[in-house]
Protein chains: 2
Amino acid sequence: MKSQKVTGASIPSSRRRYEDACGAAHALDLVGERWALLVIRELLLGPKRFGDLKRDLAGISANVLTQRLEGLEAAGVLIRRRLPPPVPAQVYELTPWGYEAEPIFQTLGRWAARSPSHDPSLPLSAVSLLLSFRTMIDPVRAERLEMRVGLRVGNESYVVRLAGGAVEAERGEAAGADVIFTGPAPAIAAAVYGGVPLDALVAQGALKIEGDRFLAERFVTLFPLPPKVGAEG
Amino acid sequence: MKSQKVTGASIPSSRRRYEDACGAAHALDLVGERWALLVIRELLLGPKRFGDLKRDLAGISANVLTQRLEGLEAAGVLIRRRLPPPVPAQVYELTPWGYEAEPIFQTLGRWAARSPSHDPSLPLSAVSLLLSFRTMIDPVRAERLEMRVGLRVGNESYVVRLAGGAVEAERGEAAGADVIFTGPAPAIAAAVYGGVPLDALVAQGALKIEGDRFLAERFVTLFPLPPKVGAEG
DNA sequence: CGGCATCCGGGAAGATACTG
DNA sequence: CAGTATCTTCCCGGATGCCG
């Protein structure tokens, strides 16, 4: 029978769509299903394989991930690409338009960071952390500050460059940076957003810091969280 | 039995939450359920009653609307307020923080407007139309253009003010504006976003135009849709 | 192991009818 | 008008198993 494959590309069935010309409503038709936006988030720093996505999206199940990847591919948000041999792995990569979704995460994140119920001490993926640097950088505190910060999280390596009040945060080789943090993303987040002293994190073995320790101390002060609601004004 | 009422404030059960410190993930915990963002959208121009929300959110059912309103109230996004007599009606109104969600709609809308599957000819609420003016205004085409445009949609009246390339769009009295459109929101959208000539809409009775007809023709050219993907730059 | 299908249980969404 | 009660349908999440 060879199983005929009639799954239908998992575009939301027409009954399940908002029949609404509003752009935001159509965005929700495309990426409003559970996990869809977080799948995009995990790809914003570059292509990933199925297993990496499953690992970094703690709690997603394989079948849902498959459905979301199908739906997002059908919507034109990402493409499935087969890497050439040496390692003929399959990866999922955002289309140029898919990459343009990043401002959605910035406005969502900035807004929700003010929620009384937001808990920055929850687990966090490396991509989320790097994207949060792009969103939360304080240009005033960062102006006339130049540094390259390397991050080693799991098997991946990332670089944050500060220059002229602007920030770049992307995948890249950490070696040669002014300071290098090695450890899980939540430990780095604890220093940057939780106010946990670097000494403490190093002492308990959660974090390793190489290079300019003074720059490291500066770095973790550059990303202030907005005031929670209720503390207006 | 009097039915015991244990509805529970409808904050997503913990199994259903992303346990993720990422701000965007938390935003989805708060407003990621179906219809939640559209409920917020309908309140961005001011308070509404239950029935108005149900009418303007075509397709929502009463029980889902009730659940969303409960959840959004529990999240601190909106409050339920009882108007004082003459008409002691109940209305739902965004909190100050709820109003701060508007940029979410702008980034979502701008992004999705480029989707190949976006269809601007679908039905549209009056609020969506007004918000789209804030999002889609072309400051270049609007610069050195000053006008007040009144919109009468259903029983509500709205005003769009253009000055110095900036736009204001809000509830307000249409009388006295330079030009006044009267008709359903989709008809106005057809002129602005669908390129349908005003003559045609007036001729078929979909739209009434009072005041400066020349300004009306200018107005409908001020909100260009971004290029669809595939027609890249 | 990566990718995908299948079956199942629970729960959220949708439709309809009903109540104060 | 502003919701509630109830029933059905569908989606989500987990487990398992197949195939390369």
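Each chain gets a letter, A, B and so on, in the order its sequence line appears, and its residues count up from 1. What you see below is based on every heavy atom in this structure, not just the backbone, and it leaves out hydrogens, waters and symmetry mates.
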- Message: Do the side chains of A:Asp20 and B:Arg41 get close enough for a salt bridge, i.e. N-O under 4.0 angstrom?
- Response: yes
- Message: Without decimals, in angstroms, what is the distance between A:Arg16 CZ and D:dC12 P?
- Response: 7 Å
- If we only count heavy atoms from C-beta on, is the A:Leu53 to A:Leu69 side-chain gap below 4.5 Å? yes
- B:Glu73 CD - D:dA2 P separation (whole Å): 15 Å
- Message: Side-chain N or O of B:Gln67 versus OP1/OP2 of C:dA13: is the shortest distance under 4.0 Å?
- Response: yes
- Side chain of B:Arg68 (C-beta onward), nearest among C:dA13, C:dG14, D:dA2: C:dA13
- Query: Between B:Glu102 and B:Arg134, is there a salt bridge with N-O shorter than 4.0 Å?
  - Reply: yes
- Task: Using only heavy-atom distances, decide whether a donor-acceptor pair under 3.5 angstrom links the side-chain of B:Asn63 to the base of D:dG3.
- Result: no
- Distance below 4.0 Å between A:Trp35 side-chain N/O and D:dG13 OP1 or OP2: yes
- Message: Testing the basics here: between A:Trp97 and B:Trp111, what is the closest heavy-atom pair and its distance to 0.1 Å?
- Response: O-NE1, 2.9 Å
- With B:Arg34 as the cation and A:Tyr18 as the aromatic partner, state whether NZ or CZ is under 6.0 Å from the six-membered ring centre and within 45° of the axis. yes
- From the list B:Lys54, B:Lys48, B:Arg55, side chain to side chain donor-acceptor pair (under 3.5 Å) partner of B:Asp52 resolves to B:Arg55
- Of the listed nucleotides C:dA5, C:dG14, D:dG14, the one nearest the side chain of A:Ser61: D:dG14
- Note on the structure: Dot-bracket for DNA chain D, 5' to 3', Watson-Crick and G-U pairs with both distances under 3.5 Å, [ ] for crossing pairs, | for partner on another strand, reads ||||||||||||||||||||
- Item | Integer-rounded Å distance: D:dA2 C1' and B:Leu57 CG | 15 Å
- Would you say B:Val153 and B:Phe181 make side-chain contact, with heavy atoms under 4.5 Å? no
- Message: What is the distance, to the nearest angstrom, from the CZ atom on A:Arg17 to the C1' atom on C:dA13?
- Response: 17 Å
- Item | Nucleotide nearest A:Ala62 when distance is taken to its side chain, options D:dG14, D:dA2, C:dC4 | C:dC4
- Message: If the cut-off is 4.0 Å, is B:Gln90 near the phosphate of D:dG3, judged by side-chain N/O to OP1 or OP2?
- Response: yes
- Task: Whole angstrom is fine here: how far is it from CG in A:Leu65 over to C1' in C:dG2?
- Result: 11 Å
- Given atom CG of B:Leu28 and atom P of D:dC12, what is their separation to the nearest angstrom? 13 Å
- Assign each of B:Arg80 and A:Val64 to its nearest nucleotide of DNA chain D by heavy atoms, then name whichever residue's nucleotide is nearer the 5' end. B:Arg80
- Taking 4.0 angstrom as the limit, do B:Arg68 and B:Glu73 come out as a salt bridge? no
- A:Tyr92 side-chain N/O to C:dG2 phosphate OP1/OP2 under 4.0 Å: no
- Looking only at side-chain N and O atoms, does B:Arg49 come under 4.0 Å of OP1 or OP2 in D:dA2? yes
- Can you check the B:Glu70 CD to C:dA12 C1' distance for me, whole Å? 14 Å
- Message: From NZ of B:Lys54 over to P of D:dG3, roughly how many Å is that when rounded to an integer?
- Response: 13 Å
